[in-house]
Structures are given as structure tokens and as C-alpha cells.
Amino acid sequence: MKRNLEFKNDENAAATELGYVFTFLLGLLLLSLYSIWAWDIENATRERWSEVALTENVERVGNAIERADAVARINLNATYSENIELLSVEQTSANVIIILDEESLTIVHPNFKENFEYKITSAAPTSHVGELNIKGESSIWVHLSNGIVEISDKPAN
């Protein structure tokens, strides 16, 4: 029994396979674009929340410094301590520094171009000092003692 084999130039199957490949690649492209878009939204939201938290933190600590100054206006030799709860900020590998000087309270965060600043009224005869790394801190202390207002990560002794 002899078989008669004939080969045909049938390109229908090849076209279907190419359609599958291009459909797969299109799906992969769209999924990749969606992933990048979702990642960008997540980062923007995290950055916005961190900015709000840092603004609130500088205002909370600044208000506590103003209260310490108010105590000093009544009695310069008084002692005063206040614990301020900080809002959580995205943890980075870099340090977040809070600096207190005679004119302002400043939070320096490496992910933001602008520093977060609170201007102190300086209506009391006190000195303001302190620099603190607040990375990972949940609260800080404001102390008034001997006419000096300072920030610390520890309660008064």
C-alpha cells in the first residue's frame, strides 16, 4: 500500500499562532503599564500622607514649645515637660532630623525638597536648643528647665 503524501502551503495555522503571540504580548504590555500606573499612585499617596504627617508633627511640637514659653513667661525658673505623640511617617533608610533654634523648629526629611518649619514667637526670655533624629520615634519630649527649652527623646530626669 502506497501512500501519496502531498505537502500544501497552508499558512492558516501559522497566522493563528502569530495572533496568539501578539495577543499575549499586548496583554503583557497592558499589564505592565497598569502595574507602573498603580505603583505611581501608591508612591504619590504615601508621599502625600508623609507630608501631612510631617506638617502636623512640626505644628504639634511647635505648639508644645509655645506652651513651655508661656510657662517661662509666668516663672522663668519653672520646670515643664510635655510628651508629644508623633504621627507615623514612611520609614526610609535616611534620617529624619528635627532642629530647634531660637527662631524656628525645623524638620528635615531627605525625601522632600522643602523643610517643614514652625516659626517660634520668642515671646519669652528663654533659649531654644536641640537637634534630634526622629526616625522611628513615636513621641518626643519638650522640656523647660533653667530658662532653656529643649527637645529630647527622653523624659526629664
For residues 21-43, the salt bridge (charged side-chain N to carboxylate O under 4.0 Å, His left out) pairs (sequence neighbours left out) are Glu42-Arg46
List the atom pairs, with distances to 0.1 Å, where a side-chain N or O of residues 29-37 and a protein N or O form a donor-acceptor pair under 3.5 Å, not counting sequence neighbours.
residue: Ser32; atom: OG; partner: Leu28; partner atom: O; Å: 2.9
residue: Ser35; atom: OG; partner: Leu31; partner atom: O; Å: 3.0

Connected hydrophobic set around Tyr20, excluding itself, where side chains approach under 4.5 Å = none
Contacts of type salt bridge (charged side-chain N to carboxylate O under 4.0 Å, His left out), residue Glu117, not counting sequence neighbours = Lys119
Would you indicate whether the side-chain heavy atoms of Ile134 and Val89 approach each other to under 4.5 Å?
-> no
Identify all side-chain donor-acceptor contacts of residues 58-66 below 3.5 Å with residues at least two apart in sequence or on another chain.
residue: Arg60; atom: NE; partner: Glu56; partner atom: OE2; Å: 3.2
residue: Arg60; atom: NH1; partner: Glu85; partner atom: O; Å: 2.8
residue: Asn63; atom: OD1; partner: Tyr118; partner atom: OH; Å: 3.0
residue: Asn63; atom: ND2; partner: Glu59; partner atom: O; Å: 3.1
residue: Glu66; atom: OE1; partner: Thr121; partner atom: OG1; Å: 2.8
residue: Glu66; atom: OE2; partner: Thr121; partner atom: N; Å: 3.1

Under a side-chain separation threshold of 4.5 Å, the hydrophobic residues clustered together with Val52 are none
Table please: side-chain donor-acceptor pairs of residues 139-153 below 3.5 Å, with sequence neighbours left out.
residue: Ser139; atom: OG; partner: Asn83; partner atom: OD1; Å: 3.2
residue: His143; atom: ND1; partner: Ser81; partner atom: OG; Å: 2.7
residue: His143; atom: NE2; partner: Lys154; partner atom: O; Å: 2.9
residue: Ser152; atom: OG; partner: Lys154; partner atom: N; Å: 3.0
residue: Ser152; atom: OG; partner: Lys154; partner atom: O; Å: 3.3

Examine distances only and state if a side-chain atom of Asn57 and a backbone atom of Leu87 form a donor-acceptor pair shorter than 3.5 Å.
-> yes
Sequence-distant partners of Phe116, ring-ring contact (aromatic ring centres under 6.0 Å, His included), two or more places apart = Phe112
Hey, are the side chains of Leu105 and His128 touching, using non-hydrogen atoms and a 4.5 Å cut-off?
-> no
Return the set of residues passing side chain to side chain contact (heavy atoms under 4.5 Å, CB included) with Ser138 (not counting sequence neighbours), or none when no residue passes.
-> none
Just grab all the salt bridge (charged side-chain N to carboxylate O under 4.0 Å, His left out) pairs involving residues 138-148, residues at least two apart or on different chains.
-> none
Can you give the donor-acceptor pairs under 3.5 Å from side chains of residues 71-79 to other protein atoms, not counting sequence neighbours?
residue: Asn75; atom: OD1; partner: Asn77; partner atom: N; Å: 3.0

Quick one: which residue pairs count as a salt bridge (charged side-chain N to carboxylate O under 4.0 Å, His left out) with a foot in residues 95-104, not counting sequence neighbours?
-> none
